[in-house]
K.L.:
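The structure's right below; bear with me while I get my questions together.
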Amino acid sequence: CYFLMKDNDFKKALKERWNEWSPNLLNDINSLIDNMSMIIKDSRIRNFEKWDIIGKNWDWYTSGEVYNAKTYDDQITLLKGWFNNRIDWMNNEIAKF
């Protein structure tokens, strides 16, 4: 990746491709998350009935953001927010090319 980013032709092609895909990317990701969440709804309910872990502090490291997301819906919002922030960052970085 380091050497690719030194190639102006590669960066130009990357920017063109990103600009082609990025306008709908967040909507596509959010739709995928919503669809998958509905598909696994029964399983995730049973999972968290058995393993009551959301919003709990266990022996492993849990970031404050994840720990503070006390419900499944909060976790979904956190995931969508992460993608939103990442896409914003990508937009800003690729715009610099």
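Keep in mind that what you see is a predicted model, and the values were worked out from it rather than measured.
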K.L.:
Could you please spell out the steps behind the side-chain contact (heavy atoms from CB on, under 4.5 Å) verdict for Trp21 and Glu16?
P.N.:
CA-CA 9 Å; Trp21 279 88; Glu16 288 173 5; over 6 Å; no
K.L.:
So do the side chains of Lys80 and Asp34 get within less than 4.5 Å of each other, counting heavy atoms only?
P.N.:
yes
K.L.:
Please check if Ile40 and Met38 belong to a single hydrophobic cluster, counting links between Ile, Leu, Val, Met, Phe, Trp and Tyr side chain heavy atoms closer than 4.5 Å.
P.N.:
no
K.L.:
Taking Asn47 for its side chain and Ser43 for its backbone only, find out whether a donor-acceptor pair lies under 3.5 Å.
P.N.:
no
K.L.:
Roughly how far apart are Leu26 CG and Asn91 CG, rounded to 0.5 Å?
P.N.:
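Rounded to the nearest 0.5 Å, the CG-CG separation comes out at 10.0 Å.
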K.L.:
Walk me through it: do Ile45 and Tyr72 pass the test side-chain contact (heavy atoms from CB on, under 4.5 Å)?
P.N.:
CA-CA 9 Å; Ile45 289 170; Tyr72 183 79; over 6 Å; no
K.L.:
Enter the distance from Trp82:CH2 to Leu79:CG here, rounded to the nearest 0.5 Å.
P.N.:
8.5 Å
K.L.:
Is it the case that more than 12 heavy atoms not belonging to Lys70 sit under 6.0 Å from its NZ atom?
P.N.:
yes
K.L.:
Ile39, Ile76: one ILVMFWY side-chain cluster at the under-4.5 Å cut-off?
P.N.:
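Ile39 and Ile76: one cluster.
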K.L.:
Between Gln75 and Val66, what is the shortest heavy-atom contact and its length?
P.N.:
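Where Gln75 meets Val66 most closely, the heavy atoms are NE2-O, 3.2 Å.
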K.L.:
Start with the C-alpha distance between Phe83 and Asn30, add both sets of side-chain angles, then the distance that settles side-chain contact (heavy atoms from CB on, under 4.5 Å), and finish with yes or no.
P.N.:
CA-CA 9 Å; Phe83 277 110; Asn30 285 340; 5.5 Å; no
K.L.:
Would you say Thr77's side chain and Asp73's backbone share a donor-acceptor pair under 3.5 angstrom?
P.N.:
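Checked: pair present.
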K.L.:
Are Arg46 and Glu49 close enough, and set up right, to give a salt bridge (Lys or Arg N to Asp or Glu O under 4.0 Å), and what steps lead you there?
P.N.:
CA-CA 5 Å; Arg46 288 192 311 274; Glu49 285 173 352; over 6 Å; no
K.L.:
Are there over 12 heavy-atom neighbours, none belonging to Lys15, within less than 6.0 Å of that residue's NZ?
P.N.:
yes
K.L.:
After noting the C-alpha distance and the side-chain angles of Leu78 and Asn68, does the key distance pass the side-chain contact (heavy atoms from CB on, under 4.5 Å) rule?
P.N.:
CA-CA 10 Å; Leu78 181 65; Asn68 290 328; over 6 Å; no
K.L.:
Is the side chain of Thr71 donor-acceptor paired with the backbone N or O of Asp74 at a distance under 3.5 Å, no angle test?
P.N.:
yes
K.L.:
Test Asp28 against Ser31 for side-chain hydrogen bond (donor to acceptor under 3.5 Å, both in side chains), laying out the working first.
P.N.:
CA-CA 5 Å; Asp28 293 346; Ser31 292; 5.7 Å; no
K.L.:
Write down the atom of Leu4, the atom of Phe10, and the distance for their closest heavy-atom approach.
P.N.:
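Closest pair (atom of Leu4, atom of Phe10, distance): O-CD2, 3.3 Å.
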K.L.:
Minimum heavy-atom separation for Lys11 to Met5, with atom names?
P.N.:
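Of all heavy-atom pairs spanning Lys11 and Met5, the closest is CD-O, 3.2 Å.
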K.L.:
Salt bridge or not for Glu20 and Arg17, using N-O below 4.0 Å?
P.N.:
yes
